[in-house]
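For reference, the structure is listed below as structure tokens.
Positions are given from 1, in the same order as the sequence printed here. From a predicted model like this one, the values you see are computed outputs, not experimental measurements. Order of appearance sets the numbers: ligands from 1, and atoms from 1 within every ligand.
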Amino acid sequence: MSGKIVILPEALTHQIAAGEVVERPASIVKELLENALDAGATAVRIELLKGGCGMIRLIDNGEGFAQDDVPKAFKRYATSKIYQFDDIYEVSTFGFRGEALPSIASIARVEMTTRMSGAISGTRIVVDAGRIEKITETGCPEGTSITVTQIFDPVPVRKKFLKTETTEQGYCLDVITRTALAHPQVRISVMANGREVLKIPATNDLSERMALILGMDFMDHLLPVQAVRENLQMQGFISRPPFTRSHGRHLYSFVNRRYIRDYLLNHAIMTAYRGMIEARRYPAVVLLIDLPPGDVDVNVHPAKLEVRFRHPRGIYGMIVETLAQALAQLPQSAEAGHARNEAIGADFRRPADYGDRIEEALKRYRLSSATGKLSFPEAVRQGRLQSFSPPLRQPAGEVSTETVSEPFEPLKFSNLEYLGQALRTYLVFSAADQVILLDQHAAHERILFEKLTRRGGSQGIGQRLLLPEVLNLSPKDLLFFEESMPLLQEAGIEAESFGGNSVVIKSVPVIFSQMDIRDLIMDLLDSFSDSDRLLGLKDRQDKIFRLLACKAAVKANHALTQPEAAALCRDLDETPFAATCPHGRPVYITLGLGELEKRFKRR
Ligand code: ADP
Ligand code: MG
């Protein structure tokens, strides 16, 4: 009887192996770019069609291939970079496994022309789904040009895992900009669908390159850092507090010019900033760490995004000390100084025990959220607050309440007796049979969110800026921003492309007129993770509006005058879905008479 085990054909094993190396178009870009750098290229041109899903072309001016190396390079484990295992720990090249070209060629169609410097003629090869179709002599410039098409055609199921072309292009640009950061001396240009999206001239100055890639915003807040230790070198730039971002995407670490994501390095960076920046905010940091190849194992991750250090402590210590020292030399603002005295994770805008106090207060009263029908005596209904002056911090205009369909008669805050503000955050009201606590931030947030949403499509709520604000964005943010422009416009933020990587903000809604529009937009972009960028238009709009509402809303721990409180109540009364803020937190809670009596043991 014959057994069940078969030896898989070579083509199939290549395709399976390619799964590890080539996850998406960006992985192809990464491998080709690294090959070009390994070949000593000083200029690289990249062309993408359909976000890299249609075509990827990379042209370099590196050393090129010798003619008889051309077919070899497409075989598995074919490399010019190592000859024995231990060489892995000596290589200074990006590649060494000899996997990239055969992997890419096994899941796509690859056409390559190449000529070594000094050679009379070049070579052209076409490999389709792992099969060499032809090799010919050809005339071509020095260097190598590789064109990859029909990506994932031989393994169509892989296409189902791809995201939209915009997203895939974003991933490609991420790879390119990261690589560009660590190689300022290499000139890089990128065309996407025939349009030049990146043009980065060669420079010897890392900060100049950072400016082009991370945007001028970041440049205004840079602090250089440098350290030399035995066998260890580090240079880079870090952002000065209070410049921060809402996520850690701007923490770029490179080890021997290889971009890596490493918990240890990020932890060291955040430790150095401890107490200098607010909780859940991140600095922007670019660190280039160089150490002998033997002190780092790069052969631990398929895409080489993680590494293992021989002496992790030394590296950790160097980062924390160098960064902390550089930061300590800055003149300290009062805020930062205060923050320094508090444990990491504390929010320095509030007293240290603020959170605890509220938590305790809530527990003490075991409050329940309001959903029941409420009734008020006539005297209260008449409203003691109605004579208050006009609201502040809100755009003018009518809010329709036609679509309200709450299952109970909504609370009318203007009709309640206002007792005052507690903890500079909660407005306290008294009604016939209960006490009501209103969260001023959540309430205002809901009001603004509904205003933004309801206004959808209508124009003219924006106010022209006297000095239009020009923002320099990273290529990926630029793309996302441009896509989101119609949504922003609905919210009254009018923007236009300004050439290159810039956009200009021309008008903003009145509610944002007091705010730093630059910070607002940067926070907005930062709040969209890669997966969030896939959200449908409606969800994306929701998220944008929620964020704008949150930013513009009156903060907790902010004293409100009585007229301000009254205005807030009036606005809230006109707002549908007023019981919860756009994030789903309750806007108000009630303390019933029964609950109070029970707690005071009156019954
Ligand atoms: P690895 O980079 O791990 O060696 P690859 O499959 O990426 O494996 O490349 C195989 C070999 O092809 C490399 O070792 C190198 O000699 C050669 N090669 C690849 N790309 C280029 C290029 N752009 N210019 C010159 N040589 C290249
Ligand atoms: Mg390679």
Side-chain angles (χ1 to χ4, degrees), residues 10 13-15 17-23 25-47 56-108 110-119 121-127 130 132 135 138 140-148 175-176 179 182-183 186-188 256-259 293 297-305 307:
E10 198 181 271
T13 59
H14 281 190
Q15 287 172 351
E20 280 216 319
V21 184
V22 187
E23 194 190 339
S27 340
I28 300 180
V29 172
K30 174 174 188 283
E31 294 295 337
L32 296 183
L33 192 51
E34 291 187 349
N35 277 349
L37 295 171
D38 283 347
T42 55
V44 176
R45 178 189 166 88
I46 300 162
E47 292 171 26
I56 296 168
R57 175 177 295 143
L58 195 138
I59 304 167
D60 70 51
N61 65 350
E63 65 186 10
F65 289 71
Q67 200 163 22
D68 54 349
D69 273 346
V70 171
K72 270 195 240 163
F74 287 90
K75 293 216 177 316
R76 230 172 147 205
Y77 311 124
T79 179
S80 58
K81 298 166 192 174
I82 61 170
Y83 296 96
Q84 56 192 26
F85 185 79
D86 284 353
D87 291 347
I88 293 181
Y89 301 96
E90 295 304 325
V91 289
S92 52
T93 50
F94 288 110
F96 53 78
R97 293 189 193 139
E99 272 179 337
L101 290 182
S103 296
I104 295 167
S106 73
I107 51 89
V110 177
E111 191 186 323
M112 177 173 101
T113 58
T114 180
R115 182 161 72 92
M116 283 183 102
S117 63
S121 66
T123 311
R124 174 168 183 268
I125 185 170
V126 180
V127 189
I132 296 183
I135 308 185
T138 180
C140 63
E142 278 177 14
T144 304
S145 161
I146 298 193
T147 306
V148 186
V175 164
I176 297 166
T179 313
H183 297 85
V186 180
R187 185 173 84 223
I188 299 177
N256 292 344
R257 306 296 148 127
R258 191 191 291 283
Y259 169 78
D297 191 348
V298 286
N299 195 28
V300 294
H301 186 273
K304 308 192 189 91
L305 275 172
V307 294

Handout entry: Closest protein heavy atom (residue, atom, distance) for atom 11 (C) of ligand 1
Key = Ala78 O, 4.1 Å
Practice task
Could you tell me whether Leu101 approaches ligand 1 through its side chain, its backbone, both or neither, with non-hydrogen atoms closer than 4.0 Å?
Solution key: both
Handout entry: atom 2 (O) of ligand 1: the protein heavy-atom neighbour that sits closest, reported with distance to 0.1 Å
Key = Lys81 NZ, 2.8 Å
Problem - Within 6.0 Å of CZ in Arg124, more than 12 heavy atoms from elsewhere - result: yes
Handout entry: Proximal ligand 1 atoms for Phe96, defined as those under 4.0 Å from one of its heavy atoms
Key = 1 (P), 3 (O)
Practice task
Counting heavy atoms only, name the option from Ala73, Ala39, Ser103, Ala105 that's nearest to atom 24 (N) of ligand 1.
Solution key: Ala39
Problem - Sum of protein N, O or S atoms, each under 2.8 Å from the Mg ion (ligand 2) - result: 1
Report, one line per pair, each donor and acceptor closer than 3.5 Å where one atom sits in a side chain of residues 59-68; sequence neighbours left out.
from, atom 1, to, atom 2, distance (Å)
Asp60, OD1, Gly62, N, 2.8
Asp60, OD1, Thr144, N, 3.2
Asn61, OD1, Thr42, N, 2.8
Asn61, OD1, Ala43, N, 3.0
Asn61, ND2, Thr42, OG1, 2.8

Exercise for the section: Measure Phe94 to ligand 1 on non-hydrogen atoms and call it side chain, backbone, both or neither using the 4.0 Å cut-off. Expected result: neither
Practice task
Around atom 1 (P) of ligand 1, find the nearest protein heavy atom and jot down its residue, atom name and distance.
Solution key: Gly98 N, 3.6 Å
Practice task
Provide the closest heavy-atom pair for Arg115 versus Gly122 in the form atom of the first, atom of the second, distance.
Solution key: CD-N, 3.7 Å
Exercise for the section: With heavy atoms under 4.0 Å as the rule, classify the contact between Ile146 and ligand 1 as side chain, backbone, both or neither. Expected result: neither
Exercise for the section: Answer yes or no: does an N/O atom from Glu63 fall short of 3.5 Å to an N/O atom of ligand 1? Expected result: no
Problem - For ligand 1, the portion of Pro102 having any non-hydrogen atom under 4.0 Å away - result: side chain
